[in-house]
Amino acid sequence: QSVLTQPPSVSGAPGQRVTISCTGSSSNIGAGSDVHWYQQLPGTAPKLLIFGTTVRPSGVPARFSGSKSDTSASLAINGLQAEDEADYYCQSYDGSLRVFGGGTKVTVL
Amino acid sequence: EVQLVQSRPEVKKPGESLKIACQGSGYEFNGYWIAWVRQMPGKDLEWMAIIYPGDSDTKYSPSFQGQVTISVDKSISTAYLQWSSLKASDTAMYYCARELTGFDYWGQGTMVTVS
């Protein structure tokens, strides 16, 4: 049972907008902790997609964006593309501990 | 170029000990936390533990406290994850990752098979 809760899967057609939620609690996201997002393509190591809740590292397409409200965070993909089919994980902090969400599989229809 | 290079895949028997490695290069190794993350076959990412090479400060997930030990050898910019007695349920891919704001660089992973 992950500390952060994500939907197991989301799907969308190419060009559509999809969002992935990451629900925490008052001890992690709700305490003001940063949220980071990772993309994991099949058979590869995770890659940092969003850090500090809203910031895209250099090289990450602008169609990826992050937001946060109260005890939840969200990752949005605007203009879904075939290469976005992957697993996505949120990560935050619970005190000094690092915590991951259970992951969401994004399928491009 | 920042790189984290992990040791080769391992196949071990239950009860055996194991130590896997993660060597950093291209940055000041002592100045960044290094985390270990488990991914069991077909499953999600699990944060196990983290260490600060500068002073060997460590933090463990309650789920992994007492089950594994992490350490560093600053002289060779290498972090380690070790088990004293492996179980079949330790079969997984293990990643190391550097922490800045989030885990910004990851190793390629070390597959550990216990059978």
Side-chain angles (χ1 to χ4, degrees), chain A residues 1-9 20 22 24 27-29 32-60 64 66 68 73 75 86-106, chain B residues 1-7 9 20 22-24 27 32-52 55 57-66 68 70 79 81 92-112:
Chain A
Q1 210 78 319
S2 301
V3 173
L4 305 178
T5 301
Q6 298 180 231
S9 63
I20 301 169
C22 173
S27 65
N28 40 68
I29 298 175
S33 297
D34 274 340
V35 179
H36 315 300
W37 291 91
Y38 304 87
Q39 177 193 59
Q40 187 177 32
L41 297 169
T44 69
K47 168 191 164 185
L48 182 63
L49 197 65
I50 297 284
F51 68 88
T53 306
T54 61
V55 185
R56 280 178 292 106
S58 173
V60 172
F64 294 96
K68 185 172 82 166
L75 173 72
D87 293 324
Y88 294 82
Y89 295 89
C90 61
Q91 181 247 314
S92 188
Y93 306 84
D94 204 297
S96 63
L97 305 182
R98 284 64 169 168
V99 291
F100 280 104
T104 299
K105 182 173 183 58
V106 170
Chain B
E1 177 195 7
V2 174
Q3 280 193 305
L4 295 174
V5 178
Q6 297 187 230
S7 48
I20 62 175
C22 168
Q23 185 170 42
Y27 73 100
Y32 295 80
W33 292 84
I34 292 284
W36 287 95
V37 176
R38 182 175 80 174
Q39 188 167 40
M40 299 175 77
K43 301 298 185 184
D44 54 312
L45 303 174
E46 301 173 88
W47 177 73
M48 302 174 70
I50 197 165
I51 187 165
Y52 188 73
D55 60 6
D57 186 18
T58 58
K59 302 181 194 302
Y60 288 88
S61 162
S63 298
F64 293 94
Q65 179 84 50
V68 297
I70 60 172
L81 173 65
M93 181 73 83
Y94 293 88
Y95 294 102
C96 64
R98 187 185 85 162
E99 183 179 71
L100 178 56
T101 307
F103 300 125
D104 60 346
Y105 286 91
W106 293 68
Q108 82 278 18
T110 295
M111 183 68 206
V112 174

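Note that these values count all heavy atoms, side chains included, but never hydrogens, waters or copies made by symmetry. Computed from a prediction, not measured in an experiment: that's the story for all the values here.
Using a 4.5 Å heavy-atom cut-off against chain B, the contacting residues of residues 40-50 of chain A are A:Gln40, A:Thr44, A:Ala45, A:Pro46, A:Leu48.
The heavy-atom pair separating B:Trp47 from A:Phe100 by the smallest distance is N-CD1, 3.6 Å. Residues B:Phe103 and A:Arg98 approach most closely at CZ-CG, 3.9 Å, considering heavy atoms. Considering every non-hydrogen atom in both B:Thr101 and A:Phe51, the closest pair reads O-CB, 3.3 Å.
Interatomic distance, A:His36 NE2 to B:Asp104 CG, rounded to the nearest 0.5 Å: 10.0 Å.
Each of B:Met93, B:Gln39, B:Glu46 has some count of heavy-atom pairs under 4.5 Å with chain A, and the biggest count is that of B:Gln39.
Looking at heavy atoms from C-beta onward, A:Ser96 lies out of side-chain contact with B:Ile50 at the 4.5 angstrom threshold. A heavy-atom distance below 4.5 Å is found between the side chains of A:Ser2 and B:Asp44.
For a residue to count as touching a neighbouring chain, one of its non-hydrogen atoms must lie under 4.5 Å from one of that chain's; by this rule B:Tyr105 does not touch chain A.
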